[in-house]
Amino acid sequence: MLSVLDPTLNPNPISLKVLIVEEGYQTLKLLGEGLCSEIQYSFIIQQVRQSRQALARLSQEEFDLLVVHVSPADPHLFDTVTQIKHLGLTLPILGLSANENQIVNLQVIQAGTPDDQVTENLKSYRFIRALRHAIDEQQRQESQRLNQEKYCSVLDNVKEVIFQTDTQGHWTFINRAWTEITGFSIAESIGTSFLKGIHPDDWQKGRDNFDSLITGVKQSCRPTVRYLTKSGDIRWLEVQAQTNFAADGTVSGTTGTLNDITEQVLIQSALRISEERLQMALSGSDLGLWDWQLTTGYIYFNPQWKTMLGYEQDEIENNFKSFQKLVHPDDFMRVKAVLNAYLDRLIPTYEVEFRMQCKTGEWKWILSRGKVFEWDEAGNPVRMTGTHRDISDRRKAEEALRESEAGERKKAYQLELALCELKNTQAQLVQTKKMASLGQLVAGIAHEINNPISFIAGNVSFAHQYGRDLLKLIDLYQQHYPHPNAPIQDAMEAVELDFLRTDFPKALNSIRDGVVRIQQIVRSLQHFSHLNEAQMKTTDLHQGLDSTLILLQNRFTKKPNRAAIEVTKVFSKLPKIECYPGQLNQVFINILNNAIDALEGKNKQNDSFQPQIKISTEISELNSTVIIRISDNGLGIPAHLQEHLFEPFFTTKPVGQGTGLGLAISYQIIEKHKGKITFNSQSGIGTEFIIEIPIKLTHKTEQWSQIQWLRQAISA
C-alpha cells in the first residue's frame, strides 16, 4: 500500500520517504491529521504489515525513515531490526508502541532502535526528533552527492589520467581521460590489472616499479611506458605514482597520474633522426656544428668541430669556457661584441672571423655563423645553433694579396699626396686672389665713401646749429607777432610748423647716426682686411670678432621668410695674441657664413625655428692658448660627410653656391698659427667649431703644413 500526503499543502521541496510496519492505518492516519504540517515537510509513505516484508522492501528501495509499530503479534520483529542493522543501513528506526509491556519495548530498543519507545502520541518530541534526524541525513547525503558530482566533473575534465589501484594492481578508479587516451571504457577497465595493455617490452619495467611501491622500497616512481590502445596503436605514457596507505598505516595500493607524451616522444624521435642525418651531411663537408643552450652554458660540439682543431672527441668539454679558452685573446672581445650585438637584435645575423688554437699550438682562422632557434615567452634567447668553417687558406691568400697591393697603395698615396699638395697650392692661389680682390674692394670703398662721408659728417654739426637758430628766430617772430596775416598763417599750416619744429631735429640726428654707422663699417672693412698689416702682430681677438659681426650684420637681420638670428657673445678677458689678424678674420667669417647657411637650411624645414649663434672665448687651463667656440643650432653635418669637411673643394652646398675652399683655407690658416681647429656636430641638432691658438708663437713660419695623415699612411 502506498500513500502520498498532498505535497501542495507544503511547498517545501524536501520530501521524506517513510516505510511503516503496521497492521492497521493508525500511524498513517495520524500523519495525515497534521504532523506533516508541524514538521513542515512532505511525506511519501509505504506500508507493510509484517517486518519480514519491510526487510524485503528495504533491500529493493531506499527509505529515509523506518517506523515500526511494536506488536507481540509480529514474532519476527526483533530479528528483522537486527538484520537491518547488519545490512549496513543507517536510516533511523522509530518504534511506536501503545503496549505497556516494558519487556517487549526493551527488546526492540536492544535490537537497534535509536530512541526510547514512544506512545502513539505522534507529536511527542522523540518522534519529531527522529523525523528531523531523517531530514538531516537526507540533506547530508544530497550534499555529498553534489560534491561527488563536482569532484567527478573536475576529474573528468583533467587531460591527465588520474588513477588508483589496489595492492594487486587492479584499477579501482580511473577518470574519463583514460577512455580518451586508450579507447577502453572505464567500466571494462575497473577491476582489471594495470599491466594489461602495457607494451610487452615495457611490461617488466611496469611490474618492477609497482612492486617497489607496494613493498615499500620506493615511496614514488616516474617511469615512462608504452600502452597499447583498444585500436592497437601505441601511446607513450609518463607515469607518476606513489604509495597509498590505509588509516591503520598499511599499504592499500597506489595512486597517481598518466600523462600522454606520445607527441613529444615522436617530435624528439624526428629531431634525433634529423640530427643524425645532419651529422652524416656534415661529416662529408668541412663544417663543424655547435649547439648552445644559452640558459645553462652547455654547448654541444660535434666530432667534426673538434677534429678541425686536431682534438679527439673527449679532449674538449662541451661548455662555453672550453670555446673561450681556444679563441685567440686578441679576437675574443670582438667575437663577444658581435655575439652580444646579435643577441640584442642590433644586427640581423651572427657571423664573425677569429683565430682558434689547434692541439699542435698553431692558430687557425675560423668563420663562425649562427642563429637563435628558440626564444622564451619574454623574448630572451634560449638555444642557438651554428657552424664553424676553417678559412685559414683563404686568409693566407688574402694576406698575400694585401701584401702585393701594399706597394700599389703606397704609390697611390704618393700620387694622392701630390694631388693634395696641388690642391693646396691652387687653394692658396685662389685665397691670394680673393684677398687681393678684397683689398682692392676695401680700398675702393674707403676712397669712394670716406670723402663724401667726411663731407657729410663735417656739415651735420653745422646743420644742427643752423636748424636751432632758425627755430629760435621763428619763436621770436611768434612772440612779437602772435597773429600773422592770412598768407603767413596759410604757409605755417601748409608746412605743419609745429610738426616740423619737433621732427627736424630728429631727422638731423638720424643723419648723424647714419654717418657714424657708415664710418664704423668702413673702419671694420679696413680692420678686417688689414691691407697695411701683412706681417704678424699682437692684436685683440675680440676686436676682430666684432668687426666680422658688423660685416655680417645684414645676414643676421630678420628676413621675410626667416626670423632674425640671435647672436650671443660670451667673451672672457683675453690677452692680446701674436697672429695674422686679417687671416684670422677670414677664418671667423668663413665659419659664421657656414653657420648662417645651416640656420637658413633648417628654417626651410621648420618656419617656426628660432636660429641662434653663440660665440665664446676663454683661456686654456695652462694659460698658453686662447679658445674660440662658434656654435649654431642649425642642420648639423651628417656623420658620413664629417671626415671630408676640411678637404679642399669639398662642399655640401649646391653647385654655384660654394667653392669648398672656406674650411680648407681656415684649416691651413690655423695650422699656420700653430693652432688647431676641430668641430662637434650632430645631424639635426647643430655644429660647434673650436679654434685653439697659442698666445705666443715660439717659432714663426709662413709655410703651411702638409697633410699629415697621408705622410703617416705612406710611412706605415
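Only a predicted model underlies this, so the values are computations on that prediction, with no experimental measurement involved.
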pair [X]-[Y]: side-chain heavy atoms closer than 4.5 Å:
X: F354; Y: S368; result: yes
X: Y342; Y: M384; result: yes
X: I511; Y: K506; result: no
X: N680; Y: I690; result: yes
X: I591; Y: V587; result: yes
X: H388; Y: F323; result: yes
X: T387; Y: L367; result: no
X: T539; Y: Y580; result: no

query = Should we say atom CD of Q553 is surrounded by more than 12 heavy atoms from elsewhere, each under 6.0 Å from it?
reply =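 Correct, the count exceeds 12.
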For [X], enumerate each residue passing the ring-ring contact (aromatic ring centres under 6.0 Å, His included) test, keeping only those at least two apart in sequence or located in another chain.
X: F373; value: none
X: F679; value: F646, F689
X: Y350; value: none

request  = Before giving the answer on salt bridge (Lys or Arg N to Asp or Glu O under 4.0 Å), spell out for D331 and R355 the whole-Å C-alpha distance, their side-chain angles and the decisive distance to 0.1 Å.
outcome  = CA-CA 7 Å; D331 297 342; R355 289 163 290 179; 2.8 Å; yes
task = Begin with the C-alpha distance, continue with both residues' side-chain angles, and end with the deciding distance and a verdict on side chain to side chain donor-acceptor pair (under 3.5 Å) for D469 and Q465.
result = CA-CA 6 Å; D469 293 343; Q465 184 61 43; 3.1 Å; yes
Partners passing side-chain contact (heavy atoms from CB on, under 4.5 Å) against Y481 (at least two apart in sequence or in another chain) =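 Testing Y481 for side-chain contact (heavy atoms from CB on, under 4.5 Å), a comparison that skips the adjacent residues, returns Y477.
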Between [X] and [Y], is there a donor-acceptor pair closer than 3.5 Å when you use the side chain of the first and the backbone of the second?
X: K602; Y: G684; answer: yes
X: H673; Y: G675; answer: no
X: N509; Y: P505; answer: yes
X: N603; Y: N561; answer: yes

ask   = Looking at CG of L645 and OG1 of T678, how far apart are the two atoms once the value is rounded to the nearest 0.5 Å?
value =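 The CG atom of L645 sits 11.5 Å away from the OG1 atom of T678.
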Shortest non-hydrogen separation from I619 to K573 and the atoms involved =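 Residues I619 and K573, closest heavy atoms: CD1-O, 3.6 Å.
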key: Which atom of E692 lies closest to which atom of T625, heavy atoms considered   =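 Minimum heavy-atom contact is OE2-OG1, 2.8 Å.
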query = Is the NZ or CZ atom of R383 positioned over W290's six-membered ring, under 6.0 angstrom from the centre and within 45° of the axis?
reply =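 No.
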inquiry  = What verdict does the salt bridge (Lys or Arg N to Asp or Glu O under 4.0 Å) test give for E578 and K696, after you've listed the backbone C-alpha separation in whole Å, the side-chain angles of each residue and the deciding distance to 0.1 Å?
reply    = CA-CA 5 Å; E578 293 180 351; K696 290 184 178 182; over 6 Å; no
Validation: residues 626-640 side-chain donor-acceptor distances under 3.5 Å, sequence neighbours left out:
| from | atom 1 | to | atom 2 | distance (Å) |
| --- | --- | --- | --- | --- |
| R629 | NE | E618 | OE2 | 3.1 |
| D632 | OD1 | G634 | N | 2.8 |
| N633 | OD1 | Q612 | N | 2.9 |
| N633 | ND2 | Q610 | O | 3.1 |

inquiry  = Going by salt bridge (Lys or Arg N to Asp or Glu O under 4.0 Å), name the residues that satisfy it together with R394, two or more places apart in sequence or in a different chain.
reply    =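 Per chain and number, R394 pairs via salt bridge (Lys or Arg N to Asp or Glu O under 4.0 Å) with E353, E398.
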